[in-house]
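Computed from a prediction, not measured in an experiment: that's the story for all the values here. Both backbone and side-chain heavy atoms feed into the values below; hydrogens, waters and symmetry mates do not.
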Amino acid sequence: MIRYEEIVMETLPDPCPDTSYLEQEGFEERMQELQDDRFGFMGIRASCTLHIGIGQSDHVILHCFKSPGIWAVETDSSPEYIQELFEDEKTILLTMLDAIGCQHEAHNAS
């Protein structure tokens, strides 16, 4: 049996974002902010720990399972926008978990 616990948000630096949109007319100020290091880019993904049962024993293998993530998110984005992106990633992760037959830890309470 494969179970999982809480799904959490991970934010990671995005060292190679596509910033070409900042080269368009009207984005000069935003490009200057980037060049002045007033914001950067990050990735957001959902992750959880899988508990993979081994045979008939009480032993488990723990494995970190993650959504693909959304990248090139501006670090000064609003908390609401960041939460919205996380919720999208969480939905993707839940679909992945369902595809491999995982159950949430709370469903296994006796």
Side-chain angles (χ1 to χ4, degrees):
M1 176 186 301
I2 303 174
R3 301 177 284 111
Y4 67 95
E5 295 177 353
E6 178 184 15
I7 295 176
V8 297
M9 181 189 320
E10 292 184 355
T11 58
L12 303 104
D14 186 351
C16 301
D18 178 3
T19 60
S20 60
Y21 74 97
L22 295 173
E23 297 168 9
Q24 300 175 69
E25 186 176 323
F27 285 86
E28 297 82 8
E29 185 176 325
R30 193 64 171 155
M31 177 61 93
Q32 189 61 53
E33 290 174 349
L34 175 62
Q35 292 169 346
D36 293 343
D37 289 327
R38 289 189 268 168
F39 78 98
F41 292 92
M42 65 181 171
I44 298 170
R45 65 184 175 201
S47 73
C48 66
T49 300
L50 298 183
H51 296 240
I52 304 167
I54 303 173
Q56 300 297 329
S57 72
D58 291 336
H59 299 286
V60 295
I61 295 172
L62 300 179
H63 179 77
C64 189
F65 203 61
K66 302 172 187 227
S67 69
I70 181 81
W71 300 91
V73 177
E74 296 174 352
T75 55
D76 60 354
S77 296
S78 73
E80 296 81 15
Y81 180 63
I82 291 170
Q83 185 64 36
E84 179 183 326
L85 295 175
F86 168 64
E87 292 300 327
D88 291 344
E89 287 299 305
K90 186 176 177 180
T91 298
I92 292 167
L93 183 62
L94 287 168
T95 301
M96 293 166 58
L97 290 165
D98 186 54
I100 62 171
C102 283
Q103 296 180 355
H104 190 273
E105 182 80 351
H107 295 164
N108 295 316
S110 300

Going by atom type alone, with no hydrogens or angles, which donor-acceptor pairs under 3.5 Å involve a side-chain atom of residues 80-88 and a protein atom two or more places apart or on another chain?
from  : atom 1 : to    : atom 2 : distance (Å)
Gln83 : NE2    : Glu87 : OE2    : 2.7

**OP:** Just jot down the side-chain contact (heavy atoms from CB on, under 4.5 Å) partners of Thr95, sequence neighbours excluded, or say none.
**Re:** none

Original post:
Does Ile44 belong to the same Ile/Leu/Val/Met/Phe/Trp/Tyr cluster as Val8, with side-chain heavy atoms less than 4.5 Å apart forming each link?
Top reply: no

Original post:
Got a sec, which residues hit side-chain contact (heavy atoms from CB on, under 4.5 Å) with Glu29, two or more places apart in sequence or on another chain?
Top reply: Glu33

**OP:** Measure the CD1-CG distance between Ile61 and Leu50 for me, rounded to the nearest 0.5 Å.
**Re:** 11.0 Å

Please table the atom pairs, donor to acceptor, closer than 3.5 Å between any side-chain atom in residues 14-21 and protein atoms at least two apart or in another chain.
from  : atom 1 : to    : atom 2 : distance (Å)
Asp14 : OD1    : Cys16 : N      : 3.3
Asp14 : OD2    : Ala72 : N      : 2.8
Asp18 : OD1    : Ser20 : N      : 3.0
Asp18 : OD1    : Ser20 : OG     : 2.7
Tyr21 : OH     : Glu74 : OE2    : 2.2

**OP:** For Phe65, check ring pair (Phe, Tyr, Trp, His ring centres under 6.0 Å) against everything at least two apart and list the hits.
**Re:** none

Original post:
Do other residues, nucleotides or ligands put more than 12 heavy atoms under 6.0 Å from Glu6 CD?
Top reply: no

Subject >> From Ile2 atom CD1 to Cys102 atom SG, the distance as rounded to the nearest 0.5 Å >> reply: 5.0 Å

Original post:
Is any side-chain heavy atom of Leu97 less than 4.5 Å from a side-chain heavy atom of Tyr4?
Top reply: yes

Original post:
With sequence neighbours excluded, what pairs up with Asp76 under the salt bridge (charged side-chain N to carboxylate O under 4.0 Å, His left out) test?
Top reply: Arg30

**OP:** Would you list the pairs meeting side chain to side chain donor-acceptor pair (under 3.5 Å) in which at least one residue belongs to residues 40-55, sequence neighbours left out?
**Re:** Glu5-His51, Glu10-Arg45, Glu10-Ser47

Original post:
Residues in side-chain contact (heavy atoms from CB on, under 4.5 Å) with Pro68, at least two apart?
Top reply: Glu89, Ile92, Met96

**OP:** Run through the side-chain heavy atoms of Ile, Leu, Val, Met, Phe, Trp and Tyr, join any pair under 4.5 Å, and report what else lands in Val60's cluster.
**Re:** Leu62

Subject >> salt bridge (Lys or Arg N to Asp or Glu O under 4.0 Å) pairs, two or more places apart, involving residues 91-100 >> reply: none

Original post:
Going by side-chain heavy atoms closer than 4.5 Å, which hydrophobic residues are tied to Leu12, directly or by a chain of links?
Top reply: Trp71

**OP:** With sequence neighbours left out, write down each residue that passes side chain to side chain donor-acceptor pair (under 3.5 Å) with Arg38, or none if nothing qualifies.
**Re:** Asp36

